[in-house]
Novice: 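The structure follows.
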Amino acid sequence: MDSVIEDVRVRKILDSRGNPTVEVDIITWNGFGRAAAPSGASTGSREVVSFPEGGVDQVISEVEDLISSELIGMAAEDIEDIDEVLREIDGTDNMSAIGGNTSVAVSMAAAKAAAMSFGMPLYSFLGGNFVSEMPYPLGNMMNGGAHAGPNAPDIQEFLVVPIGAKDVEEAVFANVAVHKKLKELLSKKDPDFTGGKGDEGGWIPNITNTQALEIQAQACEETRDELGILIRPGLDMASSEFWDSEKEKYVYSQDNIERDVGEQVEYVKDLIETYNLFYVEDPFDENDFEGFRELTSKVGNKCRICGDDLFVTNSRLLKKGIDEKAANAIIIKPNQIGSLTETYATVKLAKENNVMPVVSHRSGETCDETIAHLAVAFGAPMIKTGAIGGERIAKLNELIRIEAELSNPKMARLF
Ligand SMILES: C=C(OP(=O)(O)O)C(=O)O
Ligand SMILES: [Mg+2]
């Protein structure tokens, strides 16, 4: 049996914020898989718990042996069984005993070890022989909110989608062209602009939300004219971060404006129309299915309204969202749910219900490239990975390699 697990090793490594995270190696008779877990800053409250109370050190000192003694002898390709064993070892509802980051790194390392044992790339081991669609990269251009400092916009991520790109390589370089253009524009606009970047490599501008939206639109247009590629703007508002539950208002401190739910619906609708936004993530607090539903019913035919903190990659929450018609896209972050099996179940449910899965990095990342393979294997039309920075380009460059390997690659359908 080529894929029988012979050893499991867990180590503490650095993530891009300089925090500790776990990296797992799984060694099979005939292969090897390595995966590391990322971590969020603007996390949803219903995500599984990343690590046990003692953090990564406790995983190394107590959990590693528990996991390896159960997994050694199992076949690495039996991913569902492996994920079930991890759930049993943990024994809690939210993975707080071993940590969702531990379990997801084991789950992904097992899949990679199985793929190598059978001599296949991960995307075809998970997605089958017929995968051919490449995701559009959602590039992160400017950062605010929890990913930036105090004078930045409240909106967390100013994104772009190069919807006119003919292939991934063109798409990735189009995003970088917008990123470079923005540096020029921001330097002209703000004499104090230092070129500082946020957690995901987007610029941190010292400007208001409206100014940032204007400059993002300008950068998209100018880059489109220069490259001849249509590029549309998008946002991750990460609104849970500035929702004040006592006041029941969204507090935009940079603009000195507060909006109730109804005003937020109108504001975001207006942004979508004014800036021709292609994508808006988390325009409402993570508990506000009703706000999501109202916005989606008004503009869901022209814009992807995406739930991240709302769904936390959880199929039960997605089912609620589908029943309530709350969104037409969902962020897929495997470490929010703690296993590949559950990640896949959520993707499958989304696709069956015309909810677009968008595979995503976290703000704290490593150079692990697994999500590039997951996006292709799952047929996700978009992937959110940033635009520059070592841990971001690890995924983007892997997408370029995958595209070069496929015999008949084409871009996914966005509409
Ligand atoms: C990537 C994101 O940030 P974090 O990883 O901090 O949740 C996000 O909110 O989509
Ligand atoms: Mg988000």
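Just follow the structure's listing: the first ligand is 1, and inside any ligand the first atom is 1. Computed from a predicted structure; not experimentally measured. Numbers here are sequence positions counted from 1.
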Novice: So if I count the atoms of ligand 1 from 1 in the order they appear, which ones are less than 4.0 Å from some heavy atom of A41?
Specialist: 4 (P), 6 (O)

Novice: With respect to atom 2 (C) of ligand 1, which of K333, H361, M237, E241 exhibits the smallest heavy-atom separation?
Specialist: K333

Novice: Would you call E365-K395 a salt bridge at under 4.0 Å N-O?
Specialist: yes

Novice: Less than 4.0 Å is my threshold; does some heavy atom of D308 fall inside it relative to ligand 1?
Specialist: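 It does, in that a heavy atom of D308 comes within the 4.0 Å cut-off of ligand 1.
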
Novice: Check all N, O or S atoms of E281 and name the one closest to the Mg ion (ligand 2).
Specialist: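 The E281 atom nearest to the Mg ion (ligand 2), restricting to N, O or S, is OE2.
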
Novice: What closest approach, in Å, do T43 and E241 show between heavy atoms, and which atom pair accounts for it?
Specialist: N-OE2, 4.5 Å

Novice: Are any of the heavy atoms in S42 under 4.0 Å away from ligand 1?
Specialist: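 It does, in that a heavy atom of S42 comes within the 4.0 Å cut-off of ligand 1.
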
Novice: Which ligand 1 atoms, with their elements, are less than 4.0 angstrom from a heavy-atom of G40?
Specialist: 4 (P), 5 (O), 6 (O), 7 (O)

Novice: Could you check whether E273 pairs with K302 (Lys NZ or Arg NE/NH1/NH2 to Asp/Glu carboxylate O, under 4.0 Å)?
Specialist: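 Yes, this pair counts.
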
Novice: Any sub-3.5 Å donor-acceptor pair from D78's side-chain atoms to D81's backbone N or O?
Specialist: no

Novice: May I ask you to say whether K112 pairs ionically with D368, meaning some side-chain N is under 4.0 Å from a carboxylate O?
Specialist: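 Yes.
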
Novice: Charged N to carboxylate O below 4.0 Å: is that the case for E352 and K348?
Specialist: yes

Novice: Students should be able to answer this: which protein heavy-atom is nearest to atom 4 (P) of ligand 1, and at what distance?
Specialist: S363 OG, 3.4 Å

Novice: In terms of atom number and element, which parts of ligand 1 are under 4.0 angstrom from non-hydrogen atoms of E157?
Specialist: 1 (C), 2 (C), 8 (C), 9 (O), 10 (O)

Novice: Among all the protein's non-hydrogen atoms, which is closest to atom 7 (O) of ligand 1, and how far away is it?
Specialist: R362 NH2, 2.8 Å

Novice: Taking 4.0 angstrom as the limit and counting only heavy atoms of D236, give me the atoms of ligand 1 inside it, by number and element.
Specialist: 8 (C), 9 (O), 10 (O)

Novice: Kindly give the atom name of the N, O or S atom of D308 closest to the Mg ion (ligand 2).
Specialist: OD2

Novice: Could you measure the distance from the CD1 atom of I26 to the CE atom of M116? Nearest 0.5 Å is fine.
Specialist: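 One gets 12.5 Å once the value is rounded to the nearest 0.5 Å.
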
Novice: Using a strict 4.0 Å threshold on nitrogen-to-oxygen distance, state whether E47 and R362 make a salt bridge.
Specialist: yes

Novice: Considering both backbone and side-chain atoms of H147, is one of its nitrogen or oxygen atoms within less than 3.5 Å of a nitrogen or oxygen in ligand 1?
Specialist: yes

Novice: With the Mg ion (ligand 2) as the point of reference, which N/O/S atom of D236 is the closest?
Specialist: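 Considering only N, O and S atoms, D236 comes nearest to the Mg ion (ligand 2) through OD2.
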
Novice: Using a strict cut-off of 4.0 Å, indicate which atoms of ligand 1 neighbour a heavy atom of E200.
Specialist: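 Those atoms are 1 (C), 2 (C), 3 (O).
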
Novice: Only heavy atoms of Q156, strictly under 4.0 Å: list the atoms of ligand 1 that pass.
Specialist: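 Going through ligand 1 atom by atom, the ones under 4.0 Å from Q156 are 2 (C), 3 (O), 8 (C), 9 (O).
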
Novice: Test T21 against S39 for side-chain contact (heavy atoms from CB on, under 4.5 Å), laying out the working first.
Specialist: CA-CA 8 Å; T21 190; S39 57; 5.8 Å; no

Novice: Going by an N to O cut-off under 4.0 Å, is there a salt bridge joining E290 and R293?
Specialist: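 Counted as a salt bridge, because a side-chain N and a carboxylate O are separated by less than 4.0 Å.
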
Novice: Does the ring centre of F311 sit less than 6.0 Å away from the ring centre of F292?
Specialist: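 No, the ring of F292 stays outside the 6.0 Å limit from the ring of F311, centre to centre.
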
Novice: I need the atoms of ligand 1 closer than 4.0 Å to a non-hydrogen atom of K384, numbered in the order shown.
Specialist: 8 (C), 10 (O)

Novice: Would you say S360 has any N or O atom under 3.5 Å from an N or O of ligand 1, going by distance alone?
Specialist: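 For ligand 1, there is no N or O atom that lies under 3.5 Å from one belonging to S360.
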
